[in-house]
Amino acid sequence: MPFSRIAVGRPEEATHSDALKAALAEFISTLIFVFAGSGSGVAFSKLTDGGANTPAGLIAAAIAHAFALFVVVSVGANISGGHVNPAVTFGAFVGGNISLLRGILYWIAQLLGSVVACFLLKFATGGLEIGAKIWNALVFEIVMTFGLVYTVYATAIDPKKGSLGTIAPIAIGFIVGANILAGGAFDGASMNPAVSFGPAVVGWSRNNHWVYWAGPIIGGGLAGFVYEFFISQTYEQLPPAEY
């Protein structure tokens, strides 16, 4: 095993823009993954009165996690490597593909992403109560649409997307599917004002319709801002000898 490739890294690496962007990408990817994956379990329990541990619940959770993981690894591949897992980061370090300091940044970002996702999920579901109130639904729409638009940026819009462009339709479809598994039981998981507008007009039901405009617009705008001003840069792993 090439232990000579293992590197601690230079102290200044912890504040280098590339490392910080990569850590931010890991934070966002982990947040999206945990929100969709854990949210699917919460949603299934709501719909089945606590049946998340049934065979059907396990299948729903597996699908949601598979969809979400496919997406977050794809969107993070050219930025941070798409680890989304401290164990993966550690493995990359042992193999000499990432320095210890960058790995620690990844770990912090991944753990924070998971915690923030769970706090957002708890609020969006009203403390895991049955039925989401208006502000809970707004948060759901913001977070889900953020994940959707962030995926669009990473796989379809970014000029440095490279070969990721070929899987953009799959990634975008998968994140929508994962978000529906997580949020559909609570607010319908719109993520698209046009999707909500047609039924509202035909059914003349405008109760709280503003949520399905405000949530997606805020989430989509935030995703565009974050990706364009903080993420948009192809990540290239430095050779261990240069750390």
Side-chain angles (χ1 to χ4, degrees), residues 24-47 60-61 63-76 79 82 84 109-155 171-196 208-231:
L24 178 59
E26 284 294 306
F27 169 82
I28 294 172
S29 292
T30 307
L31 189 156
I32 293 171
F33 176 61
V34 173
F35 189 89
S38 296
S40 69
V42 174
F44 198 89
S45 290
K46 173 186 183 297
L47 293 172
I63 293 174
H65 281 83
F67 281 6
L69 188 59
F70 175 90
V71 171
V72 298
V73 171
S74 298
V75 300
I79 305 167
V84 202
Q110 290 158 355
L111 297 177
L112 283 177
S114 177
V115 171
V116 171
C118 289
F119 271 121
L120 288 171
L121 186 59
K122 184 173 183 179
F123 178 82
T125 59
L128 308 187
E129 296 174 359
I130 301 301
K133 297 179 176 63
I134 188 67
W135 295 109
N136 307 134
L138 179 64
V139 171
F140 246 122
E141 289 297 319
I142 291 173
V143 176
M144 291 187 297
T145 309
F146 177 93
L148 170 58
V149 177
Y150 186 89
T151 301
V152 172
Y153 257 90
T155 62
I172 294 167
F174 276 14
I175 192 59
V176 170
N179 282 340
I180 289 174
L181 285 170
F186 293 95
D187 79 327
S190 173
M191 298 170 276
N192 184 339
V195 169
S196 302
N208 301 320
H209 182 65
W210 66 271
V211 170
Y212 299 101
W213 281 87
I217 288 175
I218 293 172
L222 184 60
F225 176 79
V226 169
Y227 195 92
E228 195 64 37
F229 291 96
F230 295 100
I231 294 295

From CG (Leu112) to CD1 (Ile28), nearest 0.5 Å:
12.5 Å
List the atom of Asn136, the atom of Ala124, and the distance in Å for their closest heavy-atom pair.
CB-O, 2.9 Å
Taking all non-hydrogen atoms of both residues, which atom of Ile180 and which atom of Met191 are closest, and how far apart?
CG1-CE, 4.1 Å
Hey, does Tyr153 have a side-chain heavy atom less than 4.5 Å from the side chain of Val75?
no
Check the side chains of Thr155 and Ser74 for a donor-acceptor pair under 3.5 angstrom, ignoring hydrogens and angles.
no
Taking Phe140 as the fixed residue, which of Val211, Asn179, Leu121 is the one that meets the side chain to side chain contact (heavy atoms under 4.5 Å, CB included) rule?
Leu121
Sub-4.5 Å side-chain heavy-atom contact between Ile79 and Tyr227:
yes
With a 3.5 Å distance limit and no angle check, can you tell me whether Ser38 reaches the backbone of Phe35 through a side-chain donor-acceptor pair?
no
Least distance between heavy atoms, Phe44 atom then Ala60 atom:
CD1-CB, 3.9 Å
For Ile175 and Val71, which heavy atoms make the closest approach, and how far apart are they?
N-CG2, 3.5 Å
Tell me whether the rings of Phe33 and His65 are parallel (<30°), tilted (30 to 60°) or perpendicular (>60°).
perpendicular
Considering only distance and modelled atom types, tabulate donor-acceptor pairs under 3.5 Å from the side chains of residues 212-219, sequence neighbours left out.
from, atom 1, to, atom 2, distance (Å)
Tyr212, OH, Asp187, O, 2.7
Trp213, NE1, His209, NE2, 2.9

Is the backbone N or O of Ala185 less than 3.5 Å from a side-chain atom of Lys46, with the two atoms forming a donor-acceptor pair by type?
yes
When every non-hydrogen atom of Ala117 is compared with those of Leu31, the smallest separation belongs to CB-O, 3.5 Å
Could you measure the distance from the CE atom of Met144 to the CG atom of Asn192? Nearest 0.5 Å is fine.
11.5 Å
Has the side chain of Ser40 got a donor or acceptor atom that lies under 3.5 Å from a matching backbone atom of Gly37?
yes
Exam field: side chain Gln110 to backbone Thr30, donor-acceptor pair closer than 3.5 Å
no
Do Phe146 and Phe225 have ring centroids that are under 6.0 Å from one another?
no
Nearest atoms (heavy-atom pairs only) where Trp135 meets Phe123:
O-CE2, 3.8 Å
